[in-house]
Amino acid sequence: MSGIKKVFTANACPPAGPYTQAIVAGSQIYVSGQIPADKEGNLVEGSIADKTKACAENIVAILTEAGTDITRVVKVNVFLDNMANFAEMNGVYEKYFAHKPARSCVAVKQLPKGVPVEIECIAFTGTSAKL
């Protein structure tokens with residue numbers, strides 16, 4: 001698997017199963033879905049805003065470990081267990097993804113560990129994208 005590297009940081013929620021936090025493949029970084037959990041794997045309590053922030057902070061930590069930053073994200077997938085949470089999630093999301101990458105947001109019946117939000121993304125290596 002030449003050109004493919006696993007990314008792990010102790011500063012983000014550890015994987016809850018047989019996957020890695022992210023994979024660098026060439027100039028792209030594929031960040032696995034991040035749930036609202038702290039770096040010890042404990043689920044974050046609080047509002048959808050608090051939980052969305054936890055997901056985004058995990059993404060920031062993983063991208064930092066991969067040698068890039070959140071401004072290099074080009075595609076985001078957000079999963080909610082209830083679209084009634086969309087506006088509150090979006091209020092936090094737009095603070096982290098101010099450069100407005102492509103995005104999908106879908107409601108699903110259930111997410112791992114019963115959390116209400118999960119976020120995954122694709123980014124490019126390097127820093128300081130101008131979109």
Side-chain angles (χ1 to χ4, degrees):
M1 293 193 347
S2 179
I4 296 176
K5 176 183 138 192
K6 294 179 182 179
V7 177
F8 176 80
T9 179
N11 295 321
C13 176
Y19 61 91
T20 187
Q21 290 171 327
I23 294 287
V24 178
S27 64
Q28 296 183 336
I29 303 164
Y30 298 87
V31 179
S32 295
Q34 296 301 303
I35 63 172
D38 64 21
K39 62 185 182 178
E40 284 82 35
N42 301 309
L43 295 179
V44 171
E45 297 296 324
S47 65
I48 292 299
D50 296 330
K51 293 175 183 192
T52 301
K53 179 180 178 184
C55 295
E57 288 294 329
N58 284 332
I59 290 170
V60 168
I62 293 164
L63 291 172
T64 299
E65 182 66 25
T68 193
D69 61 58
I70 203 160
T71 68
R72 301 285 288 172
V73 171
V74 295
K75 175 70 167 106
V76 180
N77 295 319
V78 179
F79 305 95
L80 296 171
D81 71 348
N82 188 331
M83 274 298 175
N85 294 326
F86 180 80
E88 188 176 351
M89 175 281 301
N90 218 33
V92 174
Y93 172 93
E94 66 186 353
K95 294 174 185 171
Y96 284 89
F97 299 97
H99 63 289
K100 299 181 180 179
R103 181 180 88 178
S104 297
C105 181
V106 297
V108 297
K109 183 175 179 178
Q110 189 174 10
L111 289 164
K113 297 189 175 190
V115 300
V117 60
E118 180 175 353
I119 304 173
E120 66 181 21
C121 65
I122 301 170
F124 278 98
T125 57
T127 56
S128 300
K130 299 288 184 196
L131 297 179

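What you see below is based on every heavy atom in this structure, not just the backbone, and it leaves out hydrogens, waters and symmetry mates. Here, residue 1 is the first one in the sequence, and each next residue gets the next number. Given the structure is predicted, the values throughout are model-derived calculations rather than measurements.
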Take Val115 and Leu43 through the test side chain to side chain contact (heavy atoms under 4.5 Å, CB included) and record every step on the way to the result.
-> CA-CA 8 Å; Val115 300; Leu43 295 179; 3.7 Å; yes

Can you check side chain to side chain contact (heavy atoms under 4.5 Å, CB included) on Lys95 and Val92, steps first, answer last?
-> CA-CA 5 Å; Lys95 294 174 185 171; Val92 174; 5.5 Å; no

List the steps and the verdict of side chain to side chain contact (heavy atoms under 4.5 Å, CB included) for Asp81 and Gln110.
-> CA-CA 6 Å; Asp81 71 348; Gln110 189 174 10; over 6 Å; no

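The backbone N or O of Thr9 lies less than 3.5 Å from a partner atom in the side chain of Gln21, making a donor-acceptor pair. Put simply, the side chain of Arg72 never gets that close to the backbone of Ala123: no donor and acceptor are under 3.5 Å apart. A donor-acceptor pair under 3.5 Å links the side-chain atoms of Glu88 to the main chain of Ala49, judged by distance alone. Using a distance-only test at 3.5 Å, with no hydrogens or angles considered, no donor-acceptor pair links the side chain of Gln34 to the main chain of Ile62.
Residue Pro14 comes nearest to Gly41 through the heavy atom pair CD-N, 3.7 Å, listed as atom of the first residue, atom of the second, then distance. Summarising the geometry of Cys55 relative to Ile119, their closest heavy-atom pair is CB-CD1, 3.8 Å, with the distance given to 0.1 Å. Of all heavy-atom pairs spanning Val73 and His99, the tightest one is O-NE2, 2.9 Å. The minimum heavy-atom distance linking Ala54 with Pro36 is given by the pair CB-CA, 3.8 Å. When every heavy atom of Leu111 is checked against every heavy atom of Val117, the shortest pair comes out as CD1-N, 3.6 Å. Contact record, Ala61 with Asn11: CB-O, 3.4 Å, taken as the closest heavy-atom pair.
Within the structure, ring pair (Phe, Tyr, Trp, His ring centres under 6.0 Å) pairs that include any residue of residues 68-93 comprise Tyr93-Phe97 (at least two apart or interchain). Annotation: side-chain hydrogen bond (donor to acceptor under 3.5 Å, both in side chains) contacts involving residues 52-63, sequence neighbours excluded, comprise Glu57-Tyr96.
Inter-residue side-chain proximity for Leu80 and Cys105 is flagged as met; some heavy-atom pair is nearer than 4.5 Å. In this structure the side chain of Ile4 reaches within 4.5 angstrom of the side chain of Ile23, judged on heavy atoms. Between Pro116 and Lys51 the shortest side-chain heavy-atom distance falls below 4.5 Å.
Under the side chain to side chain contact (heavy atoms under 4.5 Å, CB included) criterion, Asp38 pairs with Glu40, Asn42, sequence neighbours left out. Under the side chain to side chain contact (heavy atoms under 4.5 Å, CB included) criterion, Ala16 pairs with Tyr19, Lys113, not counting sequence neighbours.
Residues Val60 and Ile35 fall into different hydrophobic clusters, defined by Ile, Leu, Val, Met, Phe, Trp and Tyr side chains chained together at heavy-atom separations under 4.5 Å.
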Please set out all donor-acceptor pairs under 3.5 angstrom arising from side-chain atoms of residues 25-32, sequence neighbours excluded.
from, atom 1, to, atom 2, distance (Å)
Gln28, OE1, Tyr30, OH, 2.3
Ser32, OG, Thr20, O, 2.6

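Side chains of Lys75 and Ser104: a donor-acceptor N/O pair is present below 3.5 angstrom, by distance only.
Other residues sharing a hydrophobic cluster with Val44 under the 4.5 Å side-chain heavy-atom criterion for ILVMFWY residues do not exist; the residue is a singleton.
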